[in-house]
Amino acid sequence: MTDTTELSKAYEPTEVEARRYAFWLEKNYFHAEATSDKPAFSIVLPPPNVTGSLHIGHALTATIQDILTRWKRMSGFNALWLPGTDHAGIATQMVVEKELKKTEGKSRHDLGRAKFLERVWEWKGKYGARIGEQHRYLGASLDWSRERFTMDEQSSAAVREVFVRLYEEGLMYRAQKLINWCPSCRTALSDLEVEHEEKNGSIWHIRYPVKDSDRTLTVATTRPETMLGDTAVAIHPDDERYTGLAGQTVKLPLTDREIPIIADAELVDPKFGTGVVKVTPAHDFNDYQTGLRHKLPMMTILDDAARMTKDTGKYAGMDRFEARKQVLADLTEQGLLEKEEPHKLSVGTCQRCATVVEPRLSPQWFVKIEPLAKPAIEAVEQGRTKFVPEAWTNTYFHWMRNIHDWCVSRQLWWGHQIPAYYCTSCSPRQGDDTDLPLDAPTVKVGGVDFARAEPIVAREQPKSCPKCGGASFIQDSDVLDTWFSSALWPFSTLGWPRETPELKTFYPTSVMETGSDIIFFWVARMMMMGLHFMGDVPFRTVYLHAMVRDEKGEKMSKVKGNVIDPLDIVLGATADKLAPTLKNKFPQGMPAFGADALRFTLATLTQQGRDIKLSMDRLAGYKAFCNKLWNASRFALMNMGDFQLDSRPLSARKLTLADRWILSRLQRATAETHKALEEFGFAEAASTLYQFLWAEFCDWYIELAKGSLYGEDAEAKDSTRAVLVYSLDRILRLLHPFMPFITEEIWQKLPMSRPTDSIMIAPFPEPDTAMVDEAAEGEMAPVIAAIEGLRTIRGESNLPPATKVKAVVQSPDKRTRELLERWRAYLMPLAGLSEVQVGAPGAKPPQAAAFVGQNLEIYVPLAGLVDLDAERERLKKEIARAEQEVAGVLRKLENPNFVAKAPPDVVVKDRARVEELNERKAKLQDHLQRIAPEPAMPENTPSESTTSSSQEAVSPSAPAQVKAAPTQEEKGGVDLGQELKGEMGDTGGAPEAADSQVEDALAKLRERTKEGLSAADHQDLGVAYMSMGLVDDAMREFNRAKEGNGAAPATGTDEESAPAKAQGDKLAKQVPAAKPERPVPAKKMPSAPAKTQGDKLAKQAAPPAAPVKTATAPAKRAAAPAKKAAAPVKKAAAPAKKAAPAKKATASAKKAAAKKAPAKKAAKKAAGKAPAKKAVAKKAPAKKAAAKKAAGRKAPAKKASAKKAAAKKATRAKPTARAKARR
RNA sequence: GGGCGGAUAGCUCAGCGGUAGAGCGUCGCCCUUACAAGGCGAGGGUCACAGGUUCAAUCCCUGUUCCGCCCA
């Protein structure tokens, strides 16, 4: 059934998205089969915190995983993407505690463990669903029937099983060790949950009196308050300052204790501080190890809230920081504080609450990690699991090889309670207080002394004590680290420890995709647990994505106010709901971008090894892309008539060139997309599709298709419709993993029979190599080139689309001519032509705009349509570009080393390029002359006073220079034109067809000697040369004409050495100068109207002979010399300065003119050209042997601009559909 | 202290030996019946800095400076 109802004019994501997701759910498409003939593909979703809400990082996770899953599902896999949530121990408990405090003013202890846990479960029920809902909004194709929770019965069973097995294997043990403790959360933390921060602190020097001696030992410490728990001071055994002290004792200040002086080479660095270290084994990790080595007593002086214990006498009950102050004060009073120095130290803080953590001696459960880590390292070494990007492999190895035993017990309530039980009958008790009940839930005095009690680890509570037969037990009150259950996720979610078909089908999972921040927390631990319990890696590939940051690259946090809620992006949000930075951006509220746009944006920003800065502008761009897709489809549907795509292969139809071309391009895009996806190149795949749809399908194919669709040829109409539907079907399917909603919506409306009810289970397109059509692409190339050339002319001439023009297209290549002739129906509408004449190079239309491409010349007669000045400007620019590039390439070619050592094909390519550029340049110059203002030169010399040929006599009224290359050699600037001339001879010079004027002049030349030429002769000759494109020669002749005689011989060395560049300038200025000069003598200047077109203004405003630097000329003209660097720096600077105000004054000066004269640019160029400046000094000598030689004479052209020119040229000269990017 | 990334157009990012590309923004012309969330055209880059290797460096090597992250 096909619903070809016309689409709405603009794409409205919100409505479509809700509807489509419901449809998929209803059809149960997300469900994966436990057993299937299809190959399996599986991903488990990293379970988000159940009471949290998704942030943009989750959206990235979901996007990437959904792309993978949908792609694989469409590619014929039995694809499982398994959702779930994490109980997130500390985080969730804290949230609920906070809420409890806020609403009822109660602590969890007020409620008691059981009641409190009820509350947490309630909370979980209330907010847990939100995660799922958010994923639905994102379009995530998660198999909801298999949704799991880390604390559901199955997962809990898995956790118990793992715990018990590890215990039985000796890999889980309980011990009193020094662990990280958060005094605020009042729980143990693993090493990973402690964040280290560099802080400015102090180091204090404290004197400890040596017993029975006058001597004191000065210790240096950053934690003076812990001295109350010191049980030794340590010196280095080889430290001569303290020889003989080891074995003696010191009197510990502020206490009545005496502690030994020990020698320890490991703890003490004699170069650091005083060389004496206080040893506090119960409160410092290094000291703890020292304590173990020396069997020192371990004295705990801080309680679980980091307050001083009762053993600290007067300090008892004080907070640790308060105690520090007091201790310091007391030491000062006793004269034992020697000094305080500023010191940088690394402070460990709690990942959750940012409280400074405290090392604490307490009984905890640990996983013995080494036996688990070893296989996990090997698995990656052997490539059984691969990291993408690969760089993470080393990070993984480094951590795994330095891993410590994992402290898994947490003194929390919310989590998996540890399956260890203590007999209340025979377990040792806390000694001094027995008024608490036996089953007191915490490690308080009076109850079982958990530090000493013997645990019975079992899957279920034992019936009787194996020791005493007692039947009363108390379960270990601690819960497990949240990551413990997460570590089992890839198999616990599939039913383990039961042997389920799911486990068999989907383990190992195909890909683990998660943020790189949890590579240790989660990925490494899953590796260890998976290998240990399943005997195989938990996943074949680990794809680690970067962190999502805001546009400025800052981490998103509530404090900074830059958090972005993905749902706000999807659905839109009112301004008041937005975080501050977003509110600035969207004062009216955020529009609904839609899930597809968000997903596409995230996919394109996914790059390896780089943070993702979410750009709202790009987001808007991809929303526009959705709209583009929508409207392209809309266009197709509107033009279908009764058409229905049947199963007949496209090749059986009579396809047009455009049809064949787009089908070929489509196959390439398909292949590229495949390749990118296989390599996790989401960004590349997305941009391939973006480019194809927009720059090829929409910009070209649809436009070309209009001809057939609106035409009379029924067959062409039919084939075009077929190709439209076929292509859209493919494009939509290719895009589906990225943009599931819009693709489904449109796909359902295509007039064709669908193999499936939904695009999400339709096959992912495979490239059809039979449709790759080199011939079609080759045929389209000149058509596209011609259209683009014509559009350039139109654009530059500001011709409105409604103005149809006549074009003359010439090509020396017969085949090209044939093609253009054959496809004139494509050419005309797309280029806005009323008529086109295709022919071999020959007579050119007068007063025309020209475009010279590779193998192609295009002329559009513009007389009466536009100001030809603009066209001349453009041509000059083009010529300059060609010259600059050719100079660059020549510089290379003139280096013998290059020719000798570079690969021959590179050299050949460069030579061909020179050829091509020269030809192009010649044609452009030829044309420039052709549209020069009336070439009839005045008989008398120009009105400027006679000048020598080297003089800068320029008329600002001239339409500037022919060449834009740098200027005079005496200024140290490079002279590309001259250089070119010298190096190339005249290869680029002669145009193919000389007209009669040229013939005449040449005839004259032959007949007479140069000495005999009159000024008028020189003038004629100049014109002739000009028309032949021999600019330099023409220049020379014009100069002679100006001088009034032909004093200097043509071959004169003086002339020769004069920069052709400068000549070019003059030429350009002089030739047309004739025209304005007649009516515009200098005196007329003041009356020139302020607001005229840039050109006219310039012509009129400046006195004909005025040097550039004095030109008061406005923007366009004034800047031109600077821009082209025809003038020396000083001169350039002047107009540059002028240009700025001129720009401001655009009210009067024409805008267009102003824009061409950015002061910055002019100044920059001028600087670049500065003689003996950086450019020359820096680049030339070191790098370019050949250039160096010539550096004095010709500095390298400014690299950037040369490059730029080349680049532009390249795209211009050989445009292809691909090269032509959408604008 | 050790390690890993990054620095390319105004902004967000590709490219990574043969003289640089996209999107957005900018400028010009157009509301051409798919799309103004649009079309066509244009402008815009000492590819952080300094050395080195190479015929040739944005790209490879070394160092420096900034920015980010991880580990101790």
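Reckoned from all heavy atoms, side chains included, excluding hydrogens, waters and symmetry mates.
Ranked by how close their nearest RNA chain B nucleotide is to the 5' end, E12(A) and F521(A) are led by E12(A). Mapping Y11(A) and K909(A) onto RNA chain B via the closest heavy atom, the residue that lands nearer the 5' end is K909(A).
F635(A) carries K706(A) over the face of its six-membered ring, with the cationic atom under 6.0 Å from the centre and within 45° of the normal.
The interatomic distance linking F593(A) (CZ) with C24(B) (C1') rounds to 12 Å, in whole Å. A straight line from CZ of F625(A) to P of C35(B) spans 18 Å, rounded to a whole angstrom. In this entry the distance linking CZ of R618(A) with C1' of A9(B) reads 14 Å, nearest Å. Look at CZ on F397(A): it is 17 Å from C1' on C70(B), rounded to the nearest Å. If you measure from atom CZ of F898(A) to atom C1' of U19(B), you get 11 Å, rounded to the nearest angstrom. In this structure, CG of L693(A) is placed 13 Å from P of G23(B), rounded to the nearest angstrom. Per the geometry, CG belonging to D517(A) stands 10 Å off P belonging to C71(B), to the nearest Å. Between F697(A) atom CZ and A34(B) atom P there is a gap of 14 Å when expressed in whole angstrom units.
Residue R791(A) places its side chain closer to C40(B) than to any other of C40(B), C13(B), A34(B). Proximity note for C698(A) (side chain, C-beta onward) versus A34(B), A42(B), U12(B): the nearest is A34(B). Distance from the side chain of P903(A) is smallest to C55(B) among C71(B), A22(B), C55(B). When distances are taken from the side chain of D699(A) to each of C35(B), G39(B), C24(B), the shortest belongs to G39(B). For A902(A), counting side-chain heavy atoms from C-beta on, the closest listed nucleotide (G38(B), C55(B), U12(B)) is C55(B). Candidate nucleotides U19(B), C35(B), C55(B) were compared by shortest atom distance to the side chain of E703(A), and C35(B) ranks first. Checked against C55(B), A34(B), C71(B), the side chain of F520(A) finds its nearest nucleotide in C71(B). Checking A22(B), C55(B), C35(B) against the side-chain heavy atoms of K901(A) singles out C55(B) as nearest. Closest to the side chain of V906(A), from the set G18(B), A34(B), U12(B), is G18(B).
At a cut-off of 3.5 angstrom, the base of C35(B) holds at least one donor-acceptor pair with the side chain of K628(A).
Between G45(B) and G15(B), the distance separating the two C1' atoms is 14 Å to the nearest Å. With P as the reference atom, G2(B) and C11(B) are 33 Å apart, rounded to whole Å. Nucleotides A36(B) and C30(B) are separated by 10 Å at their C1' atoms, to the nearest Å. Using atom P as the reference point in both C13(B) and G18(B), the two lie 25 Å apart (nearest Å). As rounded to the nearest Å, C60(B) and G5(B) have P atoms that lie 12 Å from one another. Rounded to the nearest Å, the gap between the C1' atom of G25(B) and that of A37(B) is 15 Å. A distance of about 12 Å separates the P atoms of A48(B) and G6(B), rounded to the whole Å. Separating the C1' atom of U53(B) from that of A14(B) is a span of 27 Å, rounded to the nearest Å.
Nucleotide G17(B) has no partner under the Watson-Crick or G-U criteria, as no pair reaches both atom distances under 3.5 Å. Of the nucleotides present, G52(B) is the one that pairs with C60(B) by Watson-Crick or G-U wobble criteria, both distances under 3.5 Å. In this structure G38(B) sits in a base pair with C30(B), meeting the Watson-Crick or G-U test at under 3.5 Å. G68(B) is paired with C4(B) under the criterion used here, namely a Watson-Crick or G-U wobble arrangement in which both key atom distances are under 3.5 Å. Pair check for C47(B) finds none; no Watson-Crick or G-U wobble contact set falls under 3.5 Å.
In this structure, F586(A) and F593(A) have perpendicular ring planes: the angle between them is above 60°, well past the 30° mark.
Phosphate contact (OP1/OP2 of G38(B), side-chain N/O of K9(A), threshold under 4.0 Å): absent. For G39(B), the OP1/OP2 oxygens have a side-chain nitrogen or oxygen of W694(A) closer than 4.0 Å.
Within the 4.5 Å cutoff, the side chain of T606(A) has no heavy atoms near those of the F680(A) side chain. A heavy-atom distance below 4.5 Å is found between the side chains of I569(A) and L614(A).
Across all strands shown, A900(A) has no heavy atoms under 4.0 Å from either base or sugar-phosphate atoms. Using a 4.0 Å heavy-atom criterion, one finds that I702(A) contacts the bases of the nucleic acid, with or without backbone contacts as well. No contact: V899(A) has no heavy atom under 4.0 Å from any strand.
Minimum heavy-atom separation, G832(A) to R794(A): O-NH1, 2.8 Å. Residues I702(A) and A632(A) approach most closely at CD1-CB, 3.8 Å, considering heavy atoms. Of all heavy-atom pairs between A676(A) and A685(A), the closest is CB-N, 3.6 Å. The minimum heavy-atom distance linking G594(A) with P13(A) is given by the pair CA-CB, 3.7 Å.
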Please produce a list of atom pairs where a protein N or O lies less than 3.5 Å from an N or O of nucleotides 29-33 of chain B.
{"from": "C29(B)", "atom 1": "O4'", "to": "N798(A)", "atom 2": "OD1", "distance (Å)": "3.4"}

Item to complete: Run the numbers on E390(A) and T393(A) for side-chain hydrogen bond (donor to acceptor under 3.5 Å, both in side chains), then give the verdict.
Response: CA-CA 6 Å; E390(A) 214 187 324; T393(A) 315; 5.3 Å; no
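Aromatic rings from Y690(A) and Y622(A) are positioned such that their centres are separated by under 6.0 Å. Taking the six-membered ring for Trp, F387(A) and W392(A) have ring centres at least 6.0 Å apart.
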